Amino acid sequence: MSEKTFIETVKLNDMQEAAVYKTEGPLLVLAGAGSGKTRVLTHRIAYLIKDKGVMPYNIMAITFTNKAASEMRERVDKIVGSGADQIWVSTFHSACVRILRRFITEIGYSRDFVIYDADDQKRVIKNIIKQMNLDPKMFKEKGIAAKISDFKNKLMRASDVREQAEFDFKKKVVADIYTEYQRVLKQNNALDFDDLIMKTVELFAKNPIILAYYHDQIKYLMVDEYQDTNMAQFKLIRQLASGSNNICVVGDDDQSIYKFRGADIRNILEFEKQFPGTTVIKLEQNYRSTKTILEAANAVIHNNVGRKDKTLWCDNEEGKKIDVYQANDAYDEASMIAGEIQDKVDNGQADYNDFALLYRTNAQSRALEEKLMMKNIPYKIIGGQNFYQRREIKDILAYLRIIANSTDDLAVERVVNVPKRGIGQTTVGKAVDYARANSMNLYDVLLDASNVSELSRASAKIRSFTDIIEKLRTQLAQISTNEDITLKTIVDELLELTGYIRELHAEETDEAEARVENISELITKIAEYEKEHEEPNLAEFLEEVSLVSDIDTMDEDSSYVVLMTVHSAKGLEFPYVFLCGMEDGLFPGYMSIMAEEPDELEEERRLAYVAITRAMKHLTISYAKQRMIRGEVNYNMVSRFVKEIPRNIVSSKNVTSTLAAGRGQGAYGTNNYGSVPTKRYTSGGTSSYTSKPKNTFGTGKKPTFGKQFTVTKADIDYTVGDRVSHIKFGQGTVKNIENGPRDYQVTVEFDDFGQKMMMASFAKLKKL
DNA sequence: TGGTAAGTAACCAAG
DNA sequence: TTACTTACCA
């Protein structure tokens, strides 16, 4: 760290600076929440390029989401001006795809492989279980999929599992399923997510020359969110770093929250052992949150035993106390939150995108969504079901996959009878059997159906399917020569030939209409892709799509409240955070309370720590006295994590509403709180009980279709005086339309709900 | 073969 | 509560 010519250093503190200048050799940066680790990474890259003269393409940075990757690239770009596009910034998965697309033939796969998601995996496993005549009660596809994933994260092949199983019957069967699973994937020319990492490690292990090629390229390697890497990822990093030994990892053991999917905290705790000569730098100054929020976070996380000792501090203002609300049920909780948001926005204190609603489980989004919709607050739900996992989208993509890759049997199985064309289970079963018996691809069997006696009766129907595929394939082949044909026109044609949209319209339900909208969104995405790429390529599009996570679609510039799980929120920050459903049994989850190992509870506590530290200005915590879970009403106590927050920085309140009123006493001051805990764990046992279903106060309405609401200026086809319908409020008459800065403000007099003012793009009004 | 009714398992988190 | 599977009939 000799020369400090770098302009930006003025903005960095000593520790951050040290991390930026320590470019050679292994470096472990233990970066507490909000301590500016992204800033360190971006400045480090900028320093390498500007001051050390390192070529951008000699730098690689690995992140967990595409969003983090593109942000990093943007920020580096701002500092260095140009060349940032040549830095290899990507997620583990896309980096591996890129490597495998080039070299996977070396380990016996074909370069045009497709990527199977969780849904595809389950289908494959389900087929195998059926085919092996196993008891589906004992072998559930989800459980098996999780096991296989675990094995792969530990780089164990099926043969390794089998060896290890010895006389363990069940494990042996699992090994057999795993073996067959790999065979099917290979036959379908497919890799699953875990394969992407594992096969890359395998490739490098088998082929030092290829690894050397990457060593030549990657002189400086950086890894973000290192605490969440699993064993396979660790091996990969070690392989890549073994060339230059310039490896910098950034992470925080207190924010390790992905143990359940194989993350191994030892990767960060034992980094120094794995990379001798490591420099360790701790970033403990928080720039994100108020003193109050930080104090709460520290108080909570200090109850964990297995952690590297450190304490975050900050120079920021004291800030307001943390609000803790007791609500009667999830609907009260949601109303309270929606009300608070609306107040702050109306006062001009905040914009919608300053708010995040965080919860432990995706199911909690329902009540919140409903109340937000009631109040016309624009929102976006992140996670749960990803856009590309929706049924209609997967159907269309399956067609595209077949067109692009005829060996993808799974895709064929999925849509051969979608929309219905009279090809039933029996027929598909026969075709699958025939294909297996003759080691053919399913699609080739279908093509030849008229010559297969078992299929002759259905051959006309099968023909109607293969004709579509063949026609589209011909078009795809002409895509580069005939300028009238584009990916978009192929999809249009696909929808036309299959009648997919017509079917949906015929249903005449809101849900079907939402699906139609999703499909048009998909078409838009395809068109965008084509615009962005010189030589659009269907396989490449499918690949991009399969690696998109839901968080990648979040857009800070749009004005909406975001709803997501605490897991999804890792790495993000928001001025105002609502942490909902803080009840023992929900957060921490029932399973972790019951677990014998304290590890599980500690992971939940880290999760709570992550949640609290997302907040910049103010944190509101809420819990409900009763909550409906799976049709049963649960009565839970306030979360033990809330009790771990010092009382003097908490302001507890009761949510009063027509429903809660009269139900008596105070929020968490009186009934549930007990004494301020100073000891590690509060008294054991379960603090929640469940009653049989009884009358619920909920409205019984369900606003949730696939579609979500984002704010882009809408095209509106109605004017003042028109009759319109709203998804929730029913019919009404348009009273006024104002052209606002971002969107049209529409005032509608609803027949049943009175006058409402709403944003056009959000309200999705339909002209009648 | 496909539609509907009844039955049942699932909600813990994600790429 | 909801989504998905199984059972039975047209």
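These figures come from a predicted structure and were not determined experimentally. Letters A, B, ... mirror the listed sequences (proteins, then strands); counts begin at 1.
- Of the N and O atoms on the side chains of A:Glu540 and A:Tyr529, at least one donor lies less than 3.5 Å from an acceptor on the other residue.
- Regarding contacts with the backbone of B:dA14, a side-chain N or O of A:Ser568 is found under 4.0 angstrom from either OP1 or OP2.
- Counting heavy atoms from C-beta on, the side chains of A:Leu455 and A:Lys430 come closer than 4.5 Å.
- Residue A:Lys259 has no polar side-chain atom (N or O) positioned under 4.0 Å from OP1 or OP2 of B:dA14.
- Listed by residue number, the members of residues 116-135 of chain A with any heavy atom below 4.0 angstrom from DNA chain B form an empty set.
- Closest contact between the side chain of A:His567 and the listed nucleotides B:dC11, B:dG15, B:dA13 involves B:dA13.
- Using a 4.5 Å cut-off on side-chain heavy atoms (C-beta onward), A:Val566 and A:Leu579 make contact.
- For DNA chain B, runs of at least 3 consecutive pairs of the Watson-Crick or G-U wobble type, with both hydrogen-bonding distances under 3.5 angstrom, map to B:1-10 with C:1-10.
- Remark: A:Thr427 is in phosphate contact with B:dT1, judged by side-chain N or O atoms under 4.0 Å from OP1 or OP2.
- If you check B:dA14, B:dG15, B:dC12 against the side chain of A:Thr565, the one that comes closest is B:dA14.
- The side chain of A:Ile629 sits closest to B:dC11 out of B:dC11, B:dG2, B:dT1.
- For A:Arg360 and A:Glu604, the salt-bridge test passes: some basic side-chain N is under 4.0 Å from an acidic carboxylate O.
- Distance A:Glu603 CD to B:dA14 P: 13 Å, rounded to the nearest Å.
- Under 3.5 Å, the side chain of A:Arg630 and the base of B:dC11 form no donor-acceptor pair of N or O atoms.
- Under 4.0 Å is where a charged nitrogen must lie from a carboxylate oxygen, and between A:Arg627 and A:Asp329 no such pair does.
- Contact annotation for A:Lys152: no contact, since no heavy-atom pair falls under 4.0 Å across all strands.
- Taking every side-chain heavy atom of A:Met591 into account, B:dC12 is the closest of B:dG15, B:dC11, B:dC12.
- Taking the six-membered ring where tryptophan is involved, the planes of A:Phe587 and A:Phe641 are perpendicular, since the angle between them exceeds 60° and thus also 30°.
- A donor and an acceptor atom, one from each side chain of A:Asn267 and A:Thr229, are located under 3.5 Å apart.
- When each of B:dA13, B:dC11, B:dA10 is scored by its nearest atom to the side-chain atoms of A:Thr361, the top-ranked nucleotide is B:dA13.
- Taking atom CD1 of residue A:Ile593 and atom P of nucleotide B:dC11, one finds them 19 Å apart after rounding to whole Å.
- Stacking of A:Lys371 on the aromatic ring of A:Tyr379 is not recorded, the 6.0 Å distance cut-off and the 45° axial limit not both being met.
- Residue A:Arg360 places its side chain closer to B:dC12 than to any other of B:dG3, B:dC12, C:dT2.
- A straight line from CG of A:Asp228 to C1' of B:dA14 spans 11 Å, rounded to a whole angstrom.
- A cation-pi contact, defined as under 6.0 Å to the ring centre and within 45° of the axis, is absent between A:Lys394 and A:Tyr388.
- The nearest whole Å value for the distance from the CG atom in A:Asp599 to the P atom in B:dA13 is 20 Å.
- In this structure, the side chain of A:Asn66 engages the main chain of A:Leu547 through a donor-acceptor pair within 3.5 Å.
- The side chain of A:Glu600 lies closest to B:dC12 when the candidates are C:dT1, B:dC12, B:dA14.
- Among the protein residues, A:Tyr258 comes within range of the sugar-phosphate backbone only, with heavy atoms under 4.0 Å from sugar or phosphate atoms but none that close to a base.
- Residues A:Ser149 and A:Gly424 both approach DNA chain B. Their nearest nucleotides, taken by heavy-atom distance, put A:Gly424 toward the 5′ side.
- Among all heavy-atom pairs drawn from A:Tyr500 and A:Val418, the shortest one is CE1-CG1, 3.8 Å.
- For the C1' atoms, the distance linking B:dC12 with C:dT5 amounts to 23 Å, nearest Å.
- Distances were taken from every side-chain heavy atom of A:His93 (C-beta onward) to each of B:dG15, B:dA10, B:dG3; the shortest belongs to B:dG15.
- In this entry the distance linking CZ of A:Arg605 with P of B:dA13 reads 21 Å, nearest Å.
- No engagement by A:Gly589 is indicated, since no non-hydrogen atom pair under 4.0 Å with the nucleic acid exists.
- In the set B:dC12, B:dC11, B:dA14, the nucleotide with an atom closest to the side chain of A:Ala363 is B:dC11.
- If you take CG of A:Asn386 and P of B:dG15, they are 8 Å apart, rounded to a whole angstrom.
- Rounded to an integer number of Å, the gap from A:Asp550 CG to B:dA13 P is 14 Å.
- OP1 or OP2 of B:dG15 has not a single side-chain nitrogen or oxygen of A:Asn153 nearer than 4.0 Å.
- Listed nucleotides B:dC12, C:dT2, B:dA14 differ in distance to A:Phe260; the shortest reach to its side chain belongs to B:dA14.
- In this structure, CE of A:Met594 is placed 20 Å from P of B:dC11, rounded to the nearest angstrom.
- For B:dG15, the base has a donor-acceptor partner in the side chain of A:Asp194 [N/O atoms by modelled type, under 3.5 angstrom].
- Residue A:Asn417 is in sugar-phosphate contact alone, with no base atom involved, counting any heavy-atom pair closer than 4.0 Å across all strands shown.
- A cation-pi arrangement is absent between A:Lys152 and A:Tyr178, since the terminal nitrogen or guanidinium carbon is not both under 6.0 Å from the aromatic centre and inside a 45° cone about the axis.
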